[in-house]
Amino acid sequence: MIEVRVSRKAADRVASGHPWIFSSDVVSAEGASSGIAVRVIDPRGRALGVAHYSSSSQISLRMLSGAVKEIDRAFFLERIAAAFSHRRSVVRDTDAYRLVHAEGDLLPALIVDRYADYVVMQTLDQGMDSARDTIASCLAELLAPAAIVARNDAAVRDREALPRETSVLSGEVPAAVAVRMNGITFHADLVGGQKTGIYLDQRENYLAAARYAHGHALDCFTSSGGFALHMAAKCESVEAADSSAAALALAEKNRQANNAANVEFRQADAFELLAGYAAQRRKFSTVVLDPPAFAKSRKNLDGAIRGYKEINLRALQLLERGGILVTCSCSHHVSEAALLELVAEASLDARRTVRVLERRTQAQDHPILLTVPETHYLKCLILQVM
Ligand code: SAH
């Protein structure tokens, strides 16, 4: 195995339980080529374990194991089987869920989502990408899926000098795969839809939101209608908006499949919609805010916080007394504390007194690793105007 020597700082970082080593902490990587598994050694030559090497990313190494071992089919089969077994204990009432959550399942840069009989994978670094077919063969052995899709059109692949491409590795994929989540039918476009089809990480929060939702509800950033369709049974009406026509077409298909007559989808920019309704002094009893990650990096954190604050301010202005605000952030750079603080500021500006009903996170099939803060990316607060 090729050896890569890293700095003391990198060795300390590995010792603190974080799997990433940055290029500035690589001392020598002679002979290492893109995507291979390498033996990582500290400045004194002691082995730290084995990692995938990337020749282009700022993250040069992603640790795979603290032991030096072959990264072969048996390795992937064991890790994926362990991830699958964990899902059996934490996933319920759905045939769509995340089977492998990258670092959260000790498989950095690998995402695998299951949609009923179909499997969608993303290999997001050079190492996982070169192991793509081996991983697909493990998935075939464990799940015998009708098809496996490699949904490798994610922008993060640019940093790895990997092409953005989507391919069907085995089987055939229908234009829309029907899944059932919490008793509600959703259609997922595995080849062209957002992410790997639909958002799976809010599944538990849909149920939580539905527990408090009432009256006239507004679901901004609805995508395929996850919150809106879950809240429909508890509300008089649900208005749901998104800027993406493709997402709304799926949302409408989902609405019809679930006979949700009181839900209306419309194409709109959420900032404009919220500002317009606030100016008209419209009132709602429930508002959901689930925007895309405004803070893609630490650099635009300030702008992101302003964006989150603005939509939360508007939403609070729209809420009547007793009203429910479900507000989310999927930027891992925005901590839960930061989200609580900016919503608190928004509540003061809106002259509303707000109680925290629940502080939630991503569904349990997106495991959080205690020593890897990046794995805790989704925050979801359920609040009530007093
Ligand atoms: N709540 C959804 C996920 C939302 S993801 C679910 O549970 O499935 C964020 C969504 O915001 C995407 O569907 C994207 O199309 C939409 N979006 C992005 N910018 C927007 C804007 N300015 N106004 C409205 N929608 C927007």
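Order of appearance sets the numbers: ligands from 1, and atoms from 1 within every ligand.
- Between F186 and H230, the ring planes are parallel. Angles under 30° get that label, and only those over 60° would be called perpendicular.
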Ligand 1: which protein N/O atoms lie under 3.5 Å from its N/O atoms?
residue  : atom   : partner : partner atom : Å
ligand 1 : 1 (N)  : F221    : O            : 3.0
ligand 1 : 1 (N)  : D290    : OD2          : 2.7
ligand 1 : 7 (O)  : Y206    : OH           : 2.6
ligand 1 : 8 (O)  : Y206    : OH           : 3.3
ligand 1 : 13 (O) : Q194    : OE1          : 3.0
ligand 1 : 13 (O) : Q194    : NE2          : 3.1
ligand 1 : 13 (O) : D242    : OD1          : 3.4
ligand 1 : 13 (O) : D242    : OD2          : 2.7
ligand 1 : 15 (O) : Q194    : NE2          : 3.2
ligand 1 : 15 (O) : D242    : OD1          : 2.7
ligand 1 : 17 (N) : S243    : OG           : 3.3
ligand 1 : 22 (N) : D269    : OD2          : 2.9
ligand 1 : 23 (N) : A270    : N            : 2.8
ligand 1 : 25 (N) : S243    : N            : 3.1
ligand 1 : 25 (N) : S243    : OG           : 3.4

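- A salt bridge does not link R180 to D93: none of the charged nitrogens lies less than 4.0 Å from a carboxylate oxygen.
- A cation-pi arrangement is found for R88 relative to F84, the charged atom lying closer than 6.0 Å to the ring centre and inside a 45° cone about the ring normal.
- The pair E336-K379 does not meet the salt-bridge criterion, since no charged nitrogen lies less than 4.0 angstrom from a carboxylate oxygen.
- Separation of the Y277 and F284 ring centroids falls under the 6.0 Å cut-off.
- Between Y308 and F294, the ring planes are tilted. Angles from 30° to 60° get that label.
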